[in-house]
There are 2 protein chains.
Amino acid sequence: MTDVARRAGVSPATVSRILNGTAKVADDKRQAVLAAISELNFAPNQMAQSLKHGRTMTIGIVVQDIASPFFDEILHGVDDGLKGTGYASVIVSGHWNADEEAERIRLLLARKVDGIILLTGRMTDDTVLRFAEQRPIVSLGRVLQTERAVGYKLDNEHGAWLAVRHLIELGHRRIAHLSGPVENRDSVERLAGYQRALKEADIAFDPALVVEGTLHESGGLLAMNRLYDSGQPFTAVFAVNDQTAYGARLFLYRKGIRVPDDVSLVGFDDLPGSSYTTPPLTTVRQPLYVIGQTAVQSMLRLINGEPADGAIPPVELVVRETTRRSA
Amino acid sequence: MTDVARRAGVSPATVSRILNGTAKVADDKRQAVLAAISELNFAPNQMAQSLKHGRTMTIGIVVQDIASPFFDEILHGVDDGLKGTGYASVIVSGHWNADEEAERIRLLLARKVDGIILLTGRMTDDTVLRFAEQRPIVSLGRVLQTERAVGYKLDNEHGAWLAVRHLIELGHRRIAHLSGPVENRDSVERLAGYQRALKEADIAFDPALVVEGTLHESGGLLAMNRLYDSGQPFTAVFAVNDQTAYGARLFLYRKGIRVPDDVSLVGFDDLPGSSYTTPPLTTVRQPLYVIGQTAVQSMLRLINGEPADGAIPPVELVVRETTRRSA
DNA sequence: CTGTTAGCGCTTTCAC
DNA sequence: GTGAAAGCGCTAACAG
């Protein structure tokens with residue numbers, strides 16, 4: 001910048017003023033500076049600007065798994081939300097581990113990100129709130145509402161209830177559930193929704209019909225395998241998420257059990273791939289992309305000291321082709 | 001840091017020395033400083049360090065689509081490769097558009113990233129080389145080998161050849177190809193591999209059997225639809241990538257055409273989801289994860305002024321359950 | 001309107 | 001071994 005100033009015969013301050021439109025500058029000097037800038041191919045050092053201003057124009061995103069279609073779709077929304085704002089994002093992964101998550105957040109804090117978007121995870125709300133003292137935090141998967149932290153929560157219980165009620169309306173009574181790990185909040189909430197739907201239909205809850213998976217395809221396959229081996233009769237399966245459903249689907253295929261002719265299958269998430277499975281998966285849609293966008297908007301408000309609410313569209317049932325009336 | 005120094009009764013310089021192990025410090029002072037650090041919950045401002053050192057410990061990653069399983073898997077490798085190196089990544093998307101790509105790179109450059117990893121894209125090699133004058137660049141999908149830039153290239157032609165030869169060995173003669181956009185290098189190389197395999201087997205190339213898709217599921221479905229409507233007989237389909245194959249698979253399902261009983265299907269990429277399609281997809285495996293890791297390692301070498309080669313494992317055919325002997 | 005000056009938080013000679 | 005001082009590239013307050 002000093003070079004530019006010298007070349008244009010002005011002071012660095014003037015160059016700065018022109019760059020930022022901070023004050024009026026005589027036209028001839030402006031031209032000279034602009035010329036010098038392009039000749040020198042100059043671009044301001046954002047790092048120095050950040051040091052000065054105390055803001056890095058960077059926001060940190062904590063996902064749990066960087067190669068998951070679930071987080072991907074949210075990141076897509078985040079990316080689009082950030083577009084044109086001048087902010088960039090640095091993405092780190094907590095790998096579903098509270099300690100690692102905290103570690104990564106400290107990393108982001110050391111980098112002086114202007115805010116942190118936390119996509120689910122295993123940390124306690126207290127820990128999150130403590131971090132929020134340093135930087136504003138927007139978090140998915142928890143209910144938070146302070147000056148420095150807001151949280152969004154999907155209605156997992158309701159979503160699961162929608163899915164199971166759909167199955168019940170189709171005449172199914174023996175409805176199995178491939179659940180997620182008990183440590184996972186979303187999973188237990190979905191289990192609760194499953195149970196409520198059964199109860200409302202006066203169907204007795206049978207623990208033998210609930211098998212725990214891992215939220216991944218492989219876990220879904222294994223869980224389905226165990227359910228099958230248990231010999232329990234069932235005509236429908238509600239999987240805790242789409243990936244679990246994919247795994248279950250494969251097991252069923254291997255056994256020659258047709259979907260939906262022999263058993264109906266419902267997932268949860270509506271991942272992008274779910275409209276292209278064979279057959280396309282009936283599932284509960286989470287507005288992943290919108291969640292990402294909304295999180296960014298809230299973050300921007302928080303950064304500017306404005307209040308942020310946290311309204312996202314509700315979950316909804318998407319009926320495709322893996323469910324049908326019970327024989 | 002000044003606070004820490006004051007509290008410990010030493011100079012800021014000493015604190016710095018302890019933090020970085022730059023020089024020997026008396027043990028009592030060291031204890032005092034360490035104590036002060038933890039009492040004040042102090043962490044050095046990376047921004048200031050960067051300003052001083054001229055390196056940000058950040059590397060920029062340019063993908064083309066942030067919600068694609070293909071880039072995701074590479075990013076996964078990148079993320080793991082970065083682990084423990086002190087570097088963080090900022091990911092931006094070029095959306096398969098040369099101008100946008102250049103724009104994003106300029107953004108990264110303004111942020112003073114220490115290097116840029118370019119995952120495919122539409123920019124010319126010349127443009128890349130010009131950017132490489134400013135920061136080291138590792139690029140996927142092009143052949144580059146200079147002091148400041150290295151490139152990796154998958155053997156698309158060979159991969160496609162493997163896929164089609166497999167089909168031919170199974171007795172197929174009428175093998176259709178769902179291709180990608182002609183602007184896409186990878187796609188035309190795969191088309192070339194398809195043609196070479198046919199030629200080697202003395203099967204005449206029939207342009208009517210090649211239909212262009214978009215590299216996405218929807219394009220695969222449409223392309224398959226057009227092929228079907230054309231009335232051309234075929235017993236096997238080689239799709240330019242897995243996503244195209246997924247789309248094709250769905251169309252076939254809708255028409256009641258069985259895979260692999262009625263038609264065989266091969267993809268390209270071996271996305272994580274491809275082992276869980278119904279049935280699991282035969283495809284050409286690209287070592288996506290390893291590519292990501294390798295790119296990081298090369299970047300780190302480049303940054304340190306060391307030479308970097310660019311060796312990645314070869315593509316290989318993964319035979320699963322969508323191909324079978326022609327009737 | 002514009003130049004001078006100070007300082008963001010850290011590291012690194014250079015003396016002592 | 002340790003402190004004082006200068007400086008990374010920029011911006012903002014203060015004079016003029």
Side-chain angles (χ1 to χ4, degrees), chain A residues 1-37 39-58 86 88 106-114 134-135, chain B residues 1-37 39-58 86 88 106-114 134-135:
Chain A
M1 183 155 138
T2 320
D3 297 343
V4 173
R6 187 166 22 218
R7 184 171 189 123
V10 299
S11 76
T14 301
V15 177
S16 172
R17 285 191 263 261
I18 292 176
L19 248 24
N20 306 294
T22 320
K24 281 203 175 66
V25 174
D27 224 39
D28 53 332
K29 310 215 175 196
R30 148 167 283 112
Q31 297 311 330
V33 169
L34 260 20
I37 285 180
E39 281 164 35
L40 266 44
N41 207 324
F42 165 87
N45 182 334
Q46 281 213 17
M47 182 117 326
Q49 301 190 153
S50 299
L51 217 214
K52 182 74 197 172
H53 283 131
R55 35 185 193 70
T56 51
M57 298 305 281
T58 308
R106 267 185 285 271
L107 231 86
L108 292 174
L109 256 16
R111 284 181 175 269
K112 300 292 175 203
V113 295
D114 296 335
Q134 310 205 38
R135 293 290 175 203
Chain B
M1 182 154 140
T2 320
D3 297 343
V4 173
R6 187 164 23 217
R7 185 171 187 122
V10 300
S11 77
T14 301
V15 178
S16 172
R17 284 191 262 260
I18 292 176
L19 247 25
N20 304 296
T22 319
K24 282 203 176 66
V25 174
D27 223 39
D28 53 331
K29 309 215 176 195
R30 150 169 280 113
Q31 296 311 330
V33 169
L34 259 22
I37 285 178
E39 282 164 35
L40 266 43
N41 208 325
F42 166 86
N45 182 334
Q46 282 213 16
M47 183 118 324
Q49 303 189 151
S50 299
L51 216 214
K52 184 72 200 176
H53 283 133
R55 39 187 188 69
T56 51
M57 299 304 282
T58 307
R106 267 186 284 272
L107 231 85
L108 292 174
L109 256 17
R111 285 183 174 267
K112 300 292 175 201
V113 295
D114 296 334
Q134 311 206 36
R135 294 287 177 208

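Below, read A as the first sequence line, B as the second, and so on, with proteins coming before strands; counting in each chain starts at 1. Side-chain atoms are counted along with the backbone in the values below, which use heavy atoms only and exclude waters and symmetry mates.
The phosphate of D:dT11 (OP1 or OP2) has a side-chain N or O of A:N20 nearer than 4.0 angstrom. Between A:Q49 and D:dG9 there is no side-chain polar atom (N or O) within less than 4.0 angstrom of OP1 or OP2.
The shortest heavy-atom contact between B:K29 and B:V10 is CD-CG1, 3.9 Å. Taking all atoms of both residues into account, the shortest heavy-atom contact from A:T56 to A:D114 is N-OD1, 3.0 Å. The minimum heavy-atom distance linking A:S16 with A:T22 is given by the pair O-OG1, 4.3 Å. Between A:R17 and A:A23, the shortest heavy-atom contact is CD-CB, 3.6 Å. When every heavy atom of A:A5 is checked against every heavy atom of A:P12, the shortest pair comes out as CB-N, 3.6 Å.
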If you look only at distance, which donor and acceptor atoms sit under 3.5 Å apart when one is on a side chain in residues 39-55 of chain B and the other is two or more places apart or in another chain?
unit_1: B:E39; atom_1: OE1; unit_2: B:R7; atom_2: NE; d: 2.6
unit_1: B:E39; atom_1: OE1; unit_2: B:R7; atom_2: NH2; d: 2.4
unit_1: B:N45; atom_1: OD1; unit_2: B:M47; atom_2: N; d: 2.8
unit_1: B:N45; atom_1: OD1; unit_2: B:A48; atom_2: N; d: 3.3
unit_1: B:S50; atom_1: OG; unit_2: B:Q46; atom_2: O; d: 2.8
unit_1: B:S50; atom_1: OG; unit_2: B:R55; atom_2: O; d: 3.3
unit_1: B:H53; atom_1: ND1; unit_2: B:Q49; atom_2: O; d: 3.3

>> The test is side chain to side chain contact (heavy atoms under 4.5 Å, CB included); show your working for B:I37 and B:L19 and say whether it passes.
In response: CA-CA 10 Å; B:I37 285 178; B:L19 247 25; 3.6 Å; yes
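Atom CZ of A:R111 and atom C1' of C:dC10 are 16 Å apart (whole Å). Atom pair A:I18:CD1 and D:dC10:P shows a separation of 14 Å (rounding to whole Å applied). At whole-Å resolution of the value, CZ in B:R55 and P in C:dC10 are 15 Å apart. Going from atom CZ of B:F42 over to atom C1' of C:dG9 covers 8 Å, rounded to whole Å. Nucleotide C:dC8 holds its P atom 18 Å from the CG atom of A:N45, rounded to whole Å. If you measure from atom CG of B:L51 to atom P of D:dC8, you get 10 Å, rounded to the nearest angstrom. For A:Q46 and D:dC8, the CD to P distance is 20 Å, given to the nearest whole Å. Atom CG in B:L19 sits roughly 6 Å away from atom P in C:dT11 (whole-Å rounding).
For A:A26, the side-chain atoms get nearest to C:dC1 when compared with the rest of C:dC1, D:dG9, D:dA12. Listed nucleotides: C:dT12, D:dT2, D:dT11. Nearest to the side chain of B:H53: C:dT12.
Mapping B:D27 and B:A48 onto DNA chain D via the closest heavy atom, the residue that lands nearer the 5' end is B:D27.
B:R135 places a side-chain N or O within 3.5 Å of a backbone atom of B:V113 that can act as its donor or acceptor partner.
Here OG1 of B:T58 is found 4.0 Å from CZ of A:R111. Values are rounded to the nearest 0.5 Å.
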Anything under 3.5 Å between a protein N or O and an N or O of nucleotides 3-7 of chain C, put it in a table, one pair a line.
unit_1: C:dG3; atom_1: OP2; unit_2: A:S11; atom_2: N; d: 3.1
unit_1: C:dG3; atom_1: OP2; unit_2: A:S11; atom_2: OG; d: 3.2
unit_1: C:dG3; atom_1: OP2; unit_2: A:T14; atom_2: OG1; d: 2.6
unit_1: C:dG3; atom_1: N7; unit_2: A:R17; atom_2: NH2; d: 2.6
unit_1: C:dG3; atom_1: O6; unit_2: A:R17; atom_2: NH1; d: 3.2
unit_1: C:dG3; atom_1: O6; unit_2: A:R17; atom_2: NH2; d: 3.4
unit_1: C:dG7; atom_1: N2; unit_2: A:K52; atom_2: NZ; d: 3.0

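Comparing the start and finish of the helix from C:dC1-D:dG16 to C:dC16-D:dG1, five pairs each, the helix axis swings through 40°, to the nearest 10 degrees.
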